[in-house]
4 protein chains.
Amino acid sequence: MSGIRSKQKAERPEQILEAALDEFRKTGYGATRLEDIAKRIGVTKGTIYLYFESKEKLFESLITSLSAPLAQEFQENEWEWTDDIAADLDYILSRLYNFIFEHHKFRELLRLLVSEADRFPQFVDENYSEFIAPILQSLSKRFDAGIAAGQIEPTDTHELARFVVAPVLSLNIMSLLFGNRRAIDCDTFISTHRKVLLRGLLKPGAKEGEGGQSE
Amino acid sequence: MSGIRSKQKAERPEQILEAALDEFRKTGYGATRLEDIAKRIGVTKGTIYLYFESKEKLFESLITSLSAPLAQEFQENEWEWTDDIAADLDYILSRLYNFIFEHHKFRELLRLLVSEADRFPQFVDENYSEFIAPILQSLSKRFDAGIAAGQIEPTDTHELARFVVAPVLSLNIMSLLFGNRRAIDCDTFISTHRKVLLRGLLKPGAKEGEGGQSE
Amino acid sequence: MSGIRSKQKAERPEQILEAALDEFRKTGYGATRLEDIAKRIGVTKGTIYLYFESKEKLFESLITSLSAPLAQEFQENEWEWTDDIAADLDYILSRLYNFIFEHHKFRELLRLLVSEADRFPQFVDENYSEFIAPILQSLSKRFDAGIAAGQIEPTDTHELARFVVAPVLSLNIMSLLFGNRRAIDCDTFISTHRKVLLRGLLKPGAKEGEGGQSE
Amino acid sequence: MSGIRSKQKAERPEQILEAALDEFRKTGYGATRLEDIAKRIGVTKGTIYLYFESKEKLFESLITSLSAPLAQEFQENEWEWTDDIAADLDYILSRLYNFIFEHHKFRELLRLLVSEADRFPQFVDENYSEFIAPILQSLSKRFDAGIAAGQIEPTDTHELARFVVAPVLSLNIMSLLFGNRRAIDCDTFISTHRKVLLRGLLKPGAKEGEGGQSE
DNA sequence: AATGAATGAGATTTCATTCAT
DNA sequence: AATGAATGAAATCTCATTCAT
């Protein structure tokens with residue numbers, strides 16, 4: 001019941017999960033040895049079994065521990081809209097990018113989900129419904145309002161939302177693939193993203209061309 | 001007999017690679033057992049060793065066998081541009097999407113790369129330089145021309161290329177995550193993609209707002 | 001407080017031994033975990049080590065604690081004989097059966113001895129000499145007297161003693177094997193036992209037959 | 001497909017079971033290490049897993065492999081009765097004792113059943129119904145006939161059957177407890193057994209005494 | 001007296017790899 | 001070309017034992 005002891009005990013699961021994330025990322029779920037996870041925090045493999053009943057359960061707890069705070073963050077920080085569509089876009093982009101670059105863990109969660117999607121489909125679905133769907137929902141609602149206000153060309157706003165998120169996801173994947181080997185200029189990326197969304201690729205006034213089949 | 005035999009022999013490596021892909025996807029590289037790969041094509045573990053010297057080499061051959069034809073396809077079918085930027089965009093999108101939905105294997109290659117990026121960085125780099133870089137290169141060249149011709153607002157065309165590719169990559173990831181559990185309406189997706197690229201989100205004539213910081 | 005405490009302390013070893021017996025029976029010595037024994041009495045593993053220095057010593061103490069009172073009971077209650085052989089047989093049977101059905105623990109002691117006979121032969125021998133041998137001794141002495149008094153056909157009285165005990169042992173084994181799944185009608189059992197011992201299987205007057213080789 | 005290879009393969013399971021029996025007996029189920037079983041037949045522990053999927057399954061197979069031939073032997077060798085009750089008793093005793101002393105394995109089966117009765121009650125029941133019940137059945141049928149023919153005093157013949165079997169079981173238990181440390185004079189044992197059954201303990205003509213409550 | 005977190009030796013189990021057939 | 005029995009190194013997992021609190 002000493003302070004030190006009980007504090008350490010309380011933090012152990014977190015420590016283990018953190019170490020597990022690092023090892024799973026580095027080595028992949030299948031090839032990671034529990035002993036390496038243990039060594040990382042200076043305990044022995046037996047200790048892990050005091051807190052997690054198997055490697056698989058540890059993995060599941062890891063997924064949960066990664067996605068739970070992300071979901072919570074979204075639930076706690078409602079998107080706040082203005083009347084200004086451009087300002088709102090900036091706001092959206094900055095929140096989306098922050099989400100990725102502040103959360104090293106988000107990237108790795110995505111990696112684990114992609115890697116193990118067939119083995120743990122329930123986690124994919126959970127994560128989708130917990131914070132991917134809400135994000136898309138929130139964005140498409142804003143776009144609906146934008147269409148109603150004549151700010152945005154009428155279209156399928158849910159699909160539109162995906163396009164706003166897509167480059168962020170894409171950036172995330174690149175980051176997973178290249179790690180630190182390929183630096184990414186995030187500011188340029190965001191600014192390009194913003195520009196394209198606002199104006200499209202075309203120069204204002206440029207004829208859109210005859211090939212365009214409108215739907 | 002020798003005809004059948006030799007034909008079988010010639011096809012064995014391919015069979016094995018196909019089976020390996022299925023198993024690696026389902027179970028992940030580390031957790032996949034060679035025996036399961038063998039069982040899939042009705043042979044035994046030992047047979048695999050007649051064609052591949054180890055599990056790791058098998059994995060490497062798999063990556064190569066997946067990316068080589070993709071790279072070749074790109075090399076053999078140069079992108080062909082017109083003067084019409086909208087038509088070229090249609091062309092780009094159709095080629096990119098075709099690439100994904102014709103090539104089930106492309107998706108899985110991406111999964112393997114994401115999963116094992118830290119263990120096999122050389123494969124990531126190889127694939128990048130073999131056909132991701134060329135695609136981006138090709139697109140950005142077209143955009144340069146578009147800028148020169150006054151069709152496109154001047155900007156970093158390499159970044160621009162990423163934005164054109166991003167939704168495709170994103171769609172790919174979704175497909176990896178959800179498999180067959182979530183149907184994707186590809187036509188709507190493409191059409192939305194096209195519209196946004198051509199015009200941006202904003203309605204022509206809408207004021208772009210005061211929040212826009214120009215860079 | 002100290003009253004309760006010290007009382008608890010005094011009873012702990014007994015509690016532990018009781019719990020140990022239950023677990024050893026259920027799971028076998030080798031497979032029983034100290035933690036389960038501890039849980040049974042609401043303490044933790046460590047507590048056991050305050051009273052027993054190892055699992056093996058605990059087992060040894062258990063054997064001793066089971067057999068000691070049994071041996072004592074026999075030593076304190078000398079068999080008391082009359083001149084009436086039939087009455088003495090009744091007395092013998094009732095004491096033997098009482099011994100078993102009053103002492104749930106006797107049965108389990110036997111199980112432990114059978115299970116671990118090769119690992120702990122000293123316990124088998126101890127128990128044998130402490131109360132199996134004395135019982136047999138006592139019975140065979142009575143039979144010797146019976147032979148001398150012309151009540152019993154001359155024979156190896158030690159072997160005879162075994163036959164008197166055998167059905168009791170056999171009943172014990174059945175009880176170990178079937179637990180509560182198979183009810184045993186003890187009264188009928190005793191009465192049959194008595195009858196056979198007194199008269200044998202044969203009807204008085206029945207010809208014993210020619211197959212009988214006399215020894 | 002070579003003779004040697006395939007023969008060895010066919011015999012492996014048997015070899016393993018034999019070795020397992022020896023080790024389980026010596027060390028108890030829980031404390032036996034698969035490696036020791038493997039070593040006994042000159043293979044490595046991995047080999048065991050080619051034939052048995054776990055230690056527990058190995059144990060179960062062992063029980064089955066021990067009891068199956070015993071049950072079969074009983075089914076194939078029907079008890080054959082004559083009109084001579086004494087001759088039939090001799091026959092019964094000799095078959096029962098043969099069963100035990102020819103079958104070293106029978107003894108050990110009993111040990112395993114007693115040891116693990118609470119963990120594997122289904123095996124106890126299986127064995128009971130497969131050859132203990134049939135034996136008792138067969139004997140009691142003979143005794144019924146004996147009663148009908150006036151050879152035997154009327155009584156509960158099923159209980160009677162137990163008394164005939166009991167000393168054999170008892171001998172078996174003694175043998176399990178003392179192994180080779182205490183030699184057993186089997187002939188004397190059988191002969192005493194026979195004598196008691198035929199005539200009871202009492203000398204013919206001896207007054208049965210007044211203590212006898214007849215039922 | 002009791003706890004329970006931690007250990008670490010050792011058990012079970014897995015599986016890539018080999019090789020005689 | 002293929003097999004599949006066997007290996008053995010290494011993984012997961014267990015648990016008797018310790019010891020700081």
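Below, read A as the first sequence line, B as the second, and so on, with proteins coming before strands; counting in each chain starts at 1. Here the structure is a predicted model, which means the values were calculated and not measured.
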Tell me which pairs pass side chain to side chain donor-acceptor pair (under 3.5 Å) where either residue lies in residues 52-65 of chain D, with sequence neighbours left out.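 Residue pairs with at least one partner in residues 52-65 of chain D: there are none.
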Give me the residues of residues 16-37 of chain B where at least one heavy atom lies under 4.0 Å from an atom of DNA chain F, by number, or none.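 Of all residues in residues 16-37 of chain B, none places a heavy atom under 4.0 Å from DNA chain F.
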Sub-4.0 Å heavy-atom contacts from residues 52-66 of chain B onto DNA chain F, ordered by number: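 Per residue number, the list is empty: none.
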Distance check needed: [N] [atom2] versus [X] [atom1], whole Å only.
| X | N | atom1 | atom2 | value |
| --- | --- | --- | --- | --- |
| C/Tyr51 | E/dA2 | OH | C1' | 8 Å |
| B/Ile48 | E/dT17 | CD1 | C1' | 11 Å |
| D/Leu50 | F/dT7 | CG | P | 9 Å |
| A/Ile41 | E/dA5 | CD1 | C1' | 13 Å |
| D/Arg12 | F/dA6 | CZ | C1' | 8 Å |

Set of residues satisfying salt bridge (Lys or Arg N to Asp or Glu O under 4.0 Å) with respect to D/Glu23, sequence neighbours excluded: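 Residues passing salt bridge (Lys or Arg N to Asp or Glu O under 4.0 Å) with D/Glu23: D/Lys26, D/Arg40.
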Salt bridge (Lys or Arg N to Asp or Glu O under 4.0 Å) against B/Arg25, all qualifying residues, sequence neighbours excluded: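 With neighbours one apart ignored, the set is A/Asp118, B/Asp22, B/Glu108.
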Of all residues at least two apart in sequence or in a different chain, which pass the side-chain contact (heavy atoms from CB on, under 4.5 Å) check with A/Ala31?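 With neighbours one apart ignored, the set is A/Thr27, B/Arg119.
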How would you list, by chain and number, every residue that makes a side-chain contact (heavy atoms from CB on, under 4.5 Å) with D/Arg33, sequence neighbours excluded?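 Once residues adjacent in sequence are excluded, the partners of D/Arg33 under the side-chain contact (heavy atoms from CB on, under 4.5 Å) criterion are D/Glu35, D/Asp36.
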Please tell me which of A/Val43 and B/Tyr49 maps to the more 5' nucleotide of DNA chain E, matching each residue to the nucleotide holding its nearest heavy atom.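 First, find each residue's nearest nucleotide; the 5'-ward one identifies A/Val43.
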Which residues share a ring pair (Phe, Tyr, Trp, His ring centres under 6.0 Å) with D/Phe52, sequence neighbours left out: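 D/Phe52: no ring pair (Phe, Tyr, Trp, His ring centres under 6.0 Å) contacts found.
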Which residues pass the ring pair (Phe, Tyr, Trp, His ring centres under 6.0 Å) test with B/Tyr49, sequence neighbours left out?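 Testing B/Tyr49 for ring pair (Phe, Tyr, Trp, His ring centres under 6.0 Å), a comparison that skips the adjacent residues, returns none.
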Which listed nucleotide (F/dT17, E/dT7, F/dG4) is nearest to the side chain of B/Thr44?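 For the B/Thr44 side chain, the nearest candidate turns out to be F/dG4.
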Given Watson-Crick and G-U pairs under 3.5 Å, DNA chain E in dot-bracket ([ ] crossing, | other strand) is .||||||||||||||||||||
Assess whether one donor atom and one acceptor atom, taken from the side chain of C/Lys45 and the base of F/dT17, lie less than 3.5 Å apart.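 Pair found.
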Return the set of residues passing side-chain hydrogen bond (donor to acceptor under 3.5 Å, both in side chains) with B/Gln72 (not counting sequence neighbours), or none when no residue passes.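 For B/Gln72, the residues satisfying side-chain hydrogen bond (donor to acceptor under 3.5 Å, both in side chains) (neighbours in sequence not counted) are B/Glu76.
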Counterpart residues, side-chain hydrogen bond (donor to acceptor under 3.5 Å, both in side chains), relative to C/Ser67 (two or more places apart):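 Partners of C/Ser67 under the side-chain hydrogen bond (donor to acceptor under 3.5 Å, both in side chains) test: C/Asn127.
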Would you call the rings of D/Tyr29 and D/Phe120 parallel, tilted or perpendicular, where under 30° means parallel and over 60° means perpendicular?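 Perpendicular, since the angle between the ring planes exceeds 60°.
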Has A/Arg111 got a side-chain atom pairing as donor or acceptor with A/Leu176's backbone, closer than 3.5 angstrom?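 Flag set: sc A/Arg111 to bb A/Leu176 pair under 3.5 Å.
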